[in-house]
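For clarity, every value in this text was computed on a predicted model and none was experimentally measured. Order of listing sets the numbers, starting from 1, for every ligand and every atom in it.
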Amino acid sequence: MAASTPSVLLIYTGGTIGMIENPETGALENFDFERLLKYVPELKRFNCHLSAEQFDPPIDSSDMEPRYWAKLVEIISANYDRVDGFVILHGTDTMAYTASALSFMLENLSKPVILTGSQLPIGMLRTDGKENLITSIEIAAAKNPDGTAIVPEVCIFFENHLMRGNRTTKINAENFNAFRSFNYPPLARAGIHLKYEPSRIRHSDATKPLKPHYLFDTNVVILTLFPGIQESIISSLLHVPGLKAVVLKTFGSGNAPQKPWFIKQLKDATDRGIILVNITQCSSGAVEMERYETGIQLLQAGVISGYDSTPECAVTKLMFLLGHGLSNQEIREKMNSCLIGEITKTAL
Ligand code: ASP
């Protein structure tokens, strides 16, 4: 291989993609790199140096936690100067949370970090894992003529779409198109050609070194409103000892009941220093708190807008900011700022 041959590190955390069906027993067994090469011989044809690391033991992504995100960031920063890009093989269930968290943890990222997985194990005949893996490696290795990465972002690649990681949500437990990025268009599509959309791709200042972050504070909760929600339940939740922030999933463009007790519970919580972030229950679109009286009341109660954030992104961003010992005001300001392409700032 030429000296300029790109190199990619595969990091296997667990999940369906790395399960290989033993052809003799039919049982699902966990991945190792040698076995992967056996089942995906196409990998040997890549003009690319591949190396691999794996979680031991691999985990189902339902068990994913901030300490595993920190482990991923440790692996990425330890290999950062050695390779051109990273592919993280991850269970689909919480992949959108991991992608969101990593986007905040890897400050000044100038290399691709592509998360992928599959709905069917890689050893199965109809697996979607092979295609997802092969194209993810291609994206992780892709460079511009000047040697810089084409996609220096944390992304999810799934079923022909490359999406900004902190914009994604898992939407399907059955079909191969398991992920969507409702509020930001894909960064690339894979058809006969891999078509990148350069204007949608975010670039950090490449002169700055990678700055890894590891800290999270998990004293947060996501609260979905519904008609009939009870005062005693809201009150108990907002008085949980240690609670620091709530992602409030409201109706439509950021609306909530106008009942005086409800607004008072929220106002009392913000007065006690709890940060309340308003995002919509709708899959697509943004919160506009100034649009209806119901939203204005939330603003007056001190609730801040989460704009068009996904729940996965809002909650990981809060945990990340809280983990860094910022003041309440600083966190409110940063929740209202687009740090790494995670929100579209058009409305309150
Ligand atoms: N339960 C698995 C996981 O998220 C499902 C998958 O990999 O798709 O780890």
Side-chain angles (χ1 to χ4, degrees), residues 9-22 26-33 35-36 38-40 43 52-73 75-76 86-103 105 113-137 139-140 154-182 186 190 216 218 222 283 310-313 315-316 319:
L9 178 65
L10 300 181
I11 309 170
Y12 175 56
T13 64
T16 303
I17 189 166
M19 304 251 136
I20 290 173
E21 197 184 37
N22 183 316
L28 291 179
E29 294 171 1
N30 263 311
F31 163 104
D32 72 47
F33 190 54
R35 225 192 265 178
L36 185 78
K38 187 173 143 210
Y39 284 95
V40 194
L43 292 180
E53 294 222 8
Q54 71 184 85
F55 279 19
D56 186 18
I59 57 162
D60 187 286
S61 78
S62 318
D63 285 321
M64 197 41 85
E65 300 181 4
R67 71 189 163 105
Y68 293 121
W69 299 335
K71 191 167 164 177
L72 283 169
V73 169
I75 297 174
I76 290 169
F86 301 85
V87 173
I88 300 176
L89 303 179
H90 194 291
T92 55
D93 291 345
T94 63
M95 194 189 292
Y97 291 88
T98 299
S100 300
L102 293 182
S103 74
M105 297 167 86
V113 173
I114 313 297
L115 288 101
T116 196
S118 66
Q119 298 282 59
L120 280 177
I122 211 139
M124 286 191 152
L125 221 46
R126 292 177 51 249
T127 185
D128 50 333
K130 261 192 190 189
E131 163 60 27
N132 286 346
L133 173 63
I134 288 171
T135 310
S136 295
I137 295 173
I139 295 166
V154 177
C155 299
I156 288 184
F157 179 78
F158 222 92
E159 237 239 345
N160 303 332
H161 287 87
L162 181 71
M163 294 158 276
R164 176 170 296 156
N166 56 31
R167 294 293 196 145
T168 57
T169 298
K170 182 172 178 182
I171 50 129
N172 208 315
E174 162 74 20
N175 295 347
F176 288 154
N177 61 342
F179 289 89
R180 281 285 289 277
S181 164
F182 287 102
F216 283 88
T218 53
I222 300 177
S283 309
T310 62
E312 294 89 337
C313 179
V315 77
T316 50
M319 290 195 285

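Not a single heavy atom of A178 sits under 4.0 Å from any atom of ligand 1.
For ligand 1, the polar-atom distance check against T94 finds no nitrogen or oxygen pair separated by under 3.5 Å. An N or O contact shorter than 3.5 Å is missing between S62 and ligand 1 by distance. Taking any N or O of H90, backbone or side chain, none lies under 3.5 Å from an N or O belonging to ligand 1.
Using a 4.5 Å heavy-atom cutoff, the side chains of T116 and I88 are not in contact. Proximity of T310 to T168: side-chain heavy atoms (C-beta onward) are nowhere separated by under 4.5 Å. Contact check for F216 versus E65: no side-chain heavy atoms found under the 4.5 Å cut-off. At least one side-chain heavy atom of F158 sits less than 4.5 Å from a side-chain heavy atom of M95. By the 4.5 Å heavy-atom criterion applied to side chains, N175 and Q119 are not counted as neighbours.
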Might you work through the side chain to side chain contact (heavy atoms under 4.5 Å, CB included) test for N166 and T316, ending with a clear yes or no?
CA-CA 9 Å; N166 56 31; T316 50; over 6 Å; no
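Within ligand 1, counting atoms from 1 as listed, the ones closer than 4.0 Å to a heavy atom of S118 are 8 (O). Near T16, the atoms of ligand 1 lying under 4.0 angstrom from a non-hydrogen atom of the residue are 5 (C), 6 (C), 7 (O), 8 (O). For ligand 1, the atoms lying closer than 4.0 Å to a non-hydrogen atom of G15 are 7 (O), 9 (O).
Rounded to the nearest 0.5 angstrom, I139 CD1 and I114 CD1 are separated by 5.5 Å.
Looking only at protein heavy atoms, the nearest one to atom 8 (O) of ligand 1 is T92 OG1, 2.4 Å. Here the protein heavy atom with the shortest distance to atom 4 (O) of ligand 1 is S61 OG, 2.5 Å.
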